[in-house]
2 protein chains.
Amino acid sequence: MDDGFLQTCLFFTANRLGRAITKMAEEEFAPTGLSPMYGYLIRLVAGAPGISQKELAEKLSITPSTLTRFVDKLEAKRLVERKGQGKTVLVYPTKKAEELLESIRQASRNLHDRYEALLGADAAKRLTEDLNASSALLERH
Amino acid sequence: MDDGFLQTCLFFTANRLGRAITKMAEEEFAPTGLSPMYGYLIRLVAGAPGISQKELAEKLSITPSTLTRFVDKLEAKRLVERKGQGKTVLVYPTKKAEELLESIRQASRNLHDRYEALLGADAAKRLTEDLNASSALLERH
DNA sequence: ATTTATATTTTGTATGTACAAACAAAATAA
DNA sequence: TTATTTTGTTTGTACATACAAAATATAAAT
């Protein structure tokens, strides 16, 4: 069958892996009550209280509008608080978020262990580094 | 700042690349009037007229429910036709789809050329192969 | 032949994400 | 000091995708 074009297309293969690892990540993060991106957002905020939304969007490589939605949800769950500083919005973790932190870190570790077991430690590390490097190149067009 | 955990997490890096390459792919596929996944779906159907939805979902690594939605849309655009063969649904390309094919192939080529120019031919090829191999390992849990 | 089990598809619902436009505040220039 | 531009955020809307449950249709077993 004439379907080799899929396996040679970076768009397809990158998203294919994205779907597979997202499913796994959602399973591992289930105990935290958050999906993985929200968990990472909380880790960033807890590691730099008062970080601006702009910085958060940049670090997470998502658009500002998406970040607004994320912060909306975490604020509704009383996990972060906004404090407007002029036109920029600063984000702070709540006590509740800090209490969740260890569970989030554990989920990250479990996820890491799980895919490492399947891919091998070396291959996983190399792949992750390659993905970072390639993303950086593509993001600048 | 304490944000290294992002760069070492395969979930994050895979989806980061996914977002970057998806944006690029959407730009290159714009002339076809389709988003990239729909273009590839049409290529599969044109390459194997009468292929079942189940097979299509497998080849594209998406869930059957997502595939149903995709075929719904392409059917509404008169690009494919369904023919129920018992419990399975067979999908056929229309004339209109066949007329689009060359434009879709061209978009794929343009996309390929574009990211290859940024990543280098060798690196792009290796990355794509790694992504395929890793997806295969992760999809089986 | 009727019931039961199995495989495929569809539907309802939810989520992550983006773009474009609107809005608000700040910085710069006149 | 007022007018213009830039920067950061939010809102409306749309789309790709998934899961769980329902529907449909075949095949298997009694």
Side-chain angles (χ1 to χ4, degrees), chain A residues 11-12 14-27 29-30 32-41 50-77 80-91 135 139, chain B residues 11-12 14-27 29-30 33-42 50-77 80-91 135 139:
Chain A
F11 158 77
F12 177 73
N15 283 303
R16 182 185 173 199
L17 181 69
R19 288 188 291 274
I21 189 81
T22 294
K23 194 176 174 192
M24 207 175 207
E26 275 165 358
E27 286 168 13
F29 273 72
T32 69
L34 297 170
S35 31
M37 281 295 270
Y38 290 86
Y40 288 161
L41 175 42
I51 188 173
S52 75
Q53 290 194 175
K54 181 172 169 42
E55 284 177 285
L56 286 169
E58 270 162 14
K59 281 188 196 298
L60 291 173
S61 288
I62 56 178
T63 61
S65 71
T66 300
L67 191 92
T68 291
R69 305 290 153 98
F70 283 9
V71 175
D72 286 350
K73 288 224 178 126
L74 290 181
E75 205 179 26
K77 288 189 178 183
V80 303
E81 278 167 9
R82 282 178 159 111
K83 215 163 76 177
Q85 164 86 343
K87 72 183 161 197
T88 113
V89 175
L90 307 182
V91 187
S135 299
E139 279 164 7
Chain B
F11 159 77
F12 177 73
N15 283 303
R16 183 185 173 199
L17 182 68
R19 288 189 292 274
I21 189 81
T22 294
K23 194 176 174 192
M24 205 175 212
E26 277 165 358
E27 287 168 13
F29 274 71
L34 297 170
S35 32
M37 280 295 271
Y38 291 83
Y40 288 161
L41 177 42
I42 287 187
I51 189 173
S52 75
Q53 292 196 172
K54 180 173 170 42
E55 284 177 285
L56 285 169
E58 270 162 15
K59 280 188 197 296
L60 292 172
S61 288
I62 57 179
T63 61
S65 71
T66 300
L67 191 93
T68 292
R69 305 290 153 98
F70 283 6
V71 174
D72 286 349
K73 289 223 178 128
L74 291 182
E75 205 179 28
K77 290 190 178 180
V80 303
E81 277 167 9
R82 284 178 158 111
K83 213 163 76 175
Q85 162 85 346
K87 66 185 163 194
T88 113
V89 175
L90 308 183
V91 187
S135 298
E139 277 164 7

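All chains are named by letter (A, B, ...) in the order of the sequence lines, taking the proteins before the strands, and each is independently numbered beginning at 1.
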Nearest-nucleotide comparison on DNA chain D, the residue closer to the 5′ end among A:F11 and A:P64: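 The 5'-side residue here is A:P64.
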
Separation of [X] atom [atom1] from [N] atom [atom2], in whole Å?
{"X": "B:R69", "N": "D:dA18", "atom1": "CZ", "atom2": "P", "answer": "12 Å"}
{"X": "B:E58", "N": "C:dT8", "atom1": "CD", "atom2": "C1'", "answer": "11 Å"}
{"X": "B:R19", "N": "D:dC15", "atom1": "CZ", "atom2": "P", "answer": "20 Å"}
{"X": "A:K54", "N": "C:dA26", "atom1": "NZ", "atom2": "C1'", "answer": "14 Å"}
{"X": "B:L67", "N": "C:dT8", "atom1": "CG", "atom2": "P", "answer": "13 Å"}
{"X": "A:L90", "N": "D:dG8", "atom1": "CG", "atom2": "P", "answer": "12 Å"}
{"X": "A:N15", "N": "D:dA18", "atom1": "CG", "atom2": "C1'", "answer": "14 Å"}
{"X": "A:I62", "N": "D:dA16", "atom1": "CD1", "atom2": "P", "answer": "20 Å"}

A:Y40 and B:F11 aromatic ring geometry - parallel, tilted or perpendicular at 30°/60° bounds: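 It falls in the tilted class, 30° to 60°.
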
Whether B:Y38 and B:F70 hold their rings parallel, tilted or perpendicular, with breakpoints at 30° and 60°: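 Plane angle between 30° and 60°, so tilted.
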
Spacing of CG belonging to B:L56 relative to CD belonging to B:E58, to within rounding of 0.5 Å: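 Output value for this atom pair is 9.5 Å.
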
D:dT17 base / A:R16 side chain donor-acceptor hit below 3.5 Å: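 Donor-acceptor pair under 3.5 Å: no.
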
Polar side-chain contact A:R82-D:dG8 base: donor and acceptor under 3.5 Å: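 No, the side chain and the base share no sub-3.5 Å donor-acceptor pair.
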
Just to confirm, is there a sub-4.0 Å distance from OP1 or OP2 of [N] to any side-chain nitrogen or oxygen of [X]?
{"X": "B:T66", "N": "D:dA18", "result": "yes"}
{"X": "B:S65", "N": "D:dA18", "result": "no"}
{"X": "B:T22", "N": "C:dA18", "result": "no"}
{"X": "A:Q85", "N": "C:dA26", "result": "no"}
{"X": "B:T63", "N": "D:dT17", "result": "no"}
{"X": "A:Y38", "N": "C:dT15", "result": "no"}

Side chain of [X] (C-beta onward), nearest among [options]:
{"X": "B:K23", "options": "D:dA16, D:dT17, C:dC19", "value": "C:dC19"}
{"X": "A:K87", "options": "D:dT7, C:dA7, D:dT10", "value": "D:dT7"}
{"X": "A:F70", "options": "D:dT10, D:dT17, C:dG16", "value": "C:dG16"}
{"X": "B:T88", "options": "D:dT11, C:dG16, C:dT9", "value": "C:dT9"}

Nearest heavy atoms of A:S52 and A:T88, plus distance in Å: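 The answer is CB-OG1, 4.2 Å.
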
Salt bridge flag under 4.0 Å for residues B:E27 and B:K23: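 B:K23 and B:E27: not salt-bridged.
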
Passing option when B:R82 is tested against B:L90, B:V89, B:L74 for side-chain contact (heavy atoms from CB on, under 4.5 Å):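 Filter result, single survivor: B:V89.
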
